[in-house]
Amino acid sequence: MGLTTLPAIFVEGNPSEIALVENLLRQDLTSVEEAEALQRLKDEQQYSDEQLSGVIGKARTTVSDIMLINRLPVAIRDECRGDHKIGKNVLIEIARKKQERGMLTAWDTYKDKRDKTPAGRQKRDPNNQAQALDALVKTAAKISDIDNSAWTDDEKEAYRAALINLQTAIESFLNPASALA
């Protein structure tokens, strides 16, 4: 037998606005998708940036910045549309260039820089013993190199408290059974 009642939520309002707000709440929209969706709603409803900001609950300046992404050349937008790793601020800065040629140059520069990430900057595996040991050795060297002679008493105390917390973490790591006691 079928359902006699259907679970639902009745919502009044503009379907385009509701759909956009729901999509903006999802975490999987890219910056380009967000900018294009805002532009569609603005065009469909003939909203000003101020009205659009009220609909989605973001500051007008934030909406204006996001909308700048729509100025990017289609080639850049197409490349970014499915890439969640490209930050919104990067695209906004590129879109602020006055001419398309400048945007393309800035985009190429960004990609070159991104692609030349040194091997040493790869993500660390916290369970990799060699990487963990290397990090500890580097941290110890950094601590030894610090000159705290110009620090205020408050700064020295804050540093001392942080080192005590580190010492406690080290002791718990070395003697896990005693940490449970």
Side-chain angles (χ1 to χ4, degrees), residues 1-128 130-132 134-135 138-139 142 158 162 165 169:
M1 181 143 92
L3 294 174
T4 57
T5 60
L6 180 65
I9 299 173
F10 180 75
V11 179
E12 289 187 47
N14 181 318
S16 298
E17 291 175 3
I18 294 167
L20 176 63
V21 171
E22 286 176 355
N23 284 335
L24 290 174
L25 294 175
R26 291 185 311 160
Q27 295 300 314
D28 60 345
L29 276 184
T30 64
S31 300
V32 171
E33 292 168 331
E34 180 182 4
E36 290 173 341
L38 288 173
Q39 188 65 54
R40 270 193 308 276
L41 183 61
K42 182 178 179 180
D43 292 345
E44 287 172 8
Q45 302 300 319
Q46 299 178 348
Y47 285 145
S48 66
D49 284 357
E50 189 70 40
Q51 291 168 318
L52 188 58
S53 70
V55 168
I56 65 166
K58 292 187 179 185
R60 186 197 52 76
T61 55
T62 301
V63 170
S64 296
D65 283 348
I66 294 169
M67 298 286 283
L68 279 175
I69 294 171
N70 291 314
R71 289 189 64 237
L72 291 170
V74 173
I76 295 174
R77 283 186 284 151
D78 287 346
E79 202 171 331
C80 299
R81 189 170 283 108
D83 193 341
H84 292 277
K85 295 178 185 174
I86 301 169
K88 187 182 302 181
N89 290 336
V90 169
L91 296 177
I92 290 169
E93 285 306 310
I94 293 171
R96 284 194 169 120
K97 304 293 181 200
K98 293 185 191 291
Q99 297 178 348
E100 183 173 319
R101 186 181 59 212
M103 292 180 206
L104 292 167
T105 301
W107 173 244
D108 288 340
T109 301
Y110 166 77
K111 288 191 311 183
D112 287 346
K113 201 180 285 187
R114 177 190 67 188
D115 294 343
K116 291 180 183 176
T117 301
R121 304 237 350 187
Q122 294 174 351
K123 279 190 173 180
R124 292 189 183 268
D125 177 2
N127 295 317
N128 181 307
Q131 287 180 355
D134 183 53
K138 288 178 180 177
T139 300
K142 286 180 182 180
N165 287 338

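Remember, it's a predicted structure, so these values are computed and weren't measured experimentally.
Across every non-hydrogen atom of S31 and G87, the tightest pair is OG-C, 4.3 Å. When all heavy atoms of K97 and A106 are compared, the closest pair comes out as CE-CB, 3.9 Å. Between A59 and S53, the shortest heavy-atom distance links the atoms C-CB, 3.9 Å. For the residue pair R81 and D78, the shortest heavy atom distance occurs at NH1-OD1, 2.6 Å.
Residue R60 qualifies as open at atom CZ: its count of foreign heavy atoms under 6.0 Å is 12 or below.
Scored by the side chain to side chain donor-acceptor pair (under 3.5 Å) test, D43 finds Q39 as partners (sequence neighbours excluded). Considering only residues two or more places apart in sequence or on other chains, Q99 meets the side chain to side chain donor-acceptor pair (under 3.5 Å) condition with R101.
Checking side-chain atoms of E36 against main-chain N and O of E33 turns up no donor-acceptor pair under 3.5 Å.
Between R96 and D65 there is a salt bridge, since a side-chain N of the basic residue sits under 4.0 Å from a carboxylate O of the acidic one.
The CD1 atom of I56 sits 13.0 Å away from atom CD of Q51, with the distance rounded to the nearest 0.5 Å. The line from CG of N70 to CG of L91 is 11.0 Å long, rounded to the nearest 0.5 Å. Here the straight-line distance linking atom NE2 of H84 with atom OG1 of T30 works out to 6.0 Å at 0.5 Å rounding. Rounded to the nearest 0.5 angstrom, K58 NZ and D49 CG are separated by 13.5 Å. Taken from NZ in K111 to CG in D115, the straight-line distance is 8.0 Å, to the nearest 0.5 Å. Taking CD1 of I92 as the start and CG of L72 as the end, the distance is 9.5 Å to the nearest 0.5 Å.
Residue pairs satisfying the ring-ring contact (aromatic ring centres under 6.0 Å, His included) criterion with at least one member in residues 88-110, sequence neighbours excluded, are listed as follows: W107-Y110.
Checking each of I76, V32, I94, L38 against I69 for a side chain to side chain contact (heavy atoms under 4.5 Å, CB included) leaves exactly one that passes, namely V32.
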For this session: Might you work through the side chain to side chain contact (heavy atoms under 4.5 Å, CB included) test for M67 and L52, ending with a clear yes or no?
Result: CA-CA 11 Å; M67 298 286 283; L52 188 58; 4.3 Å; yes
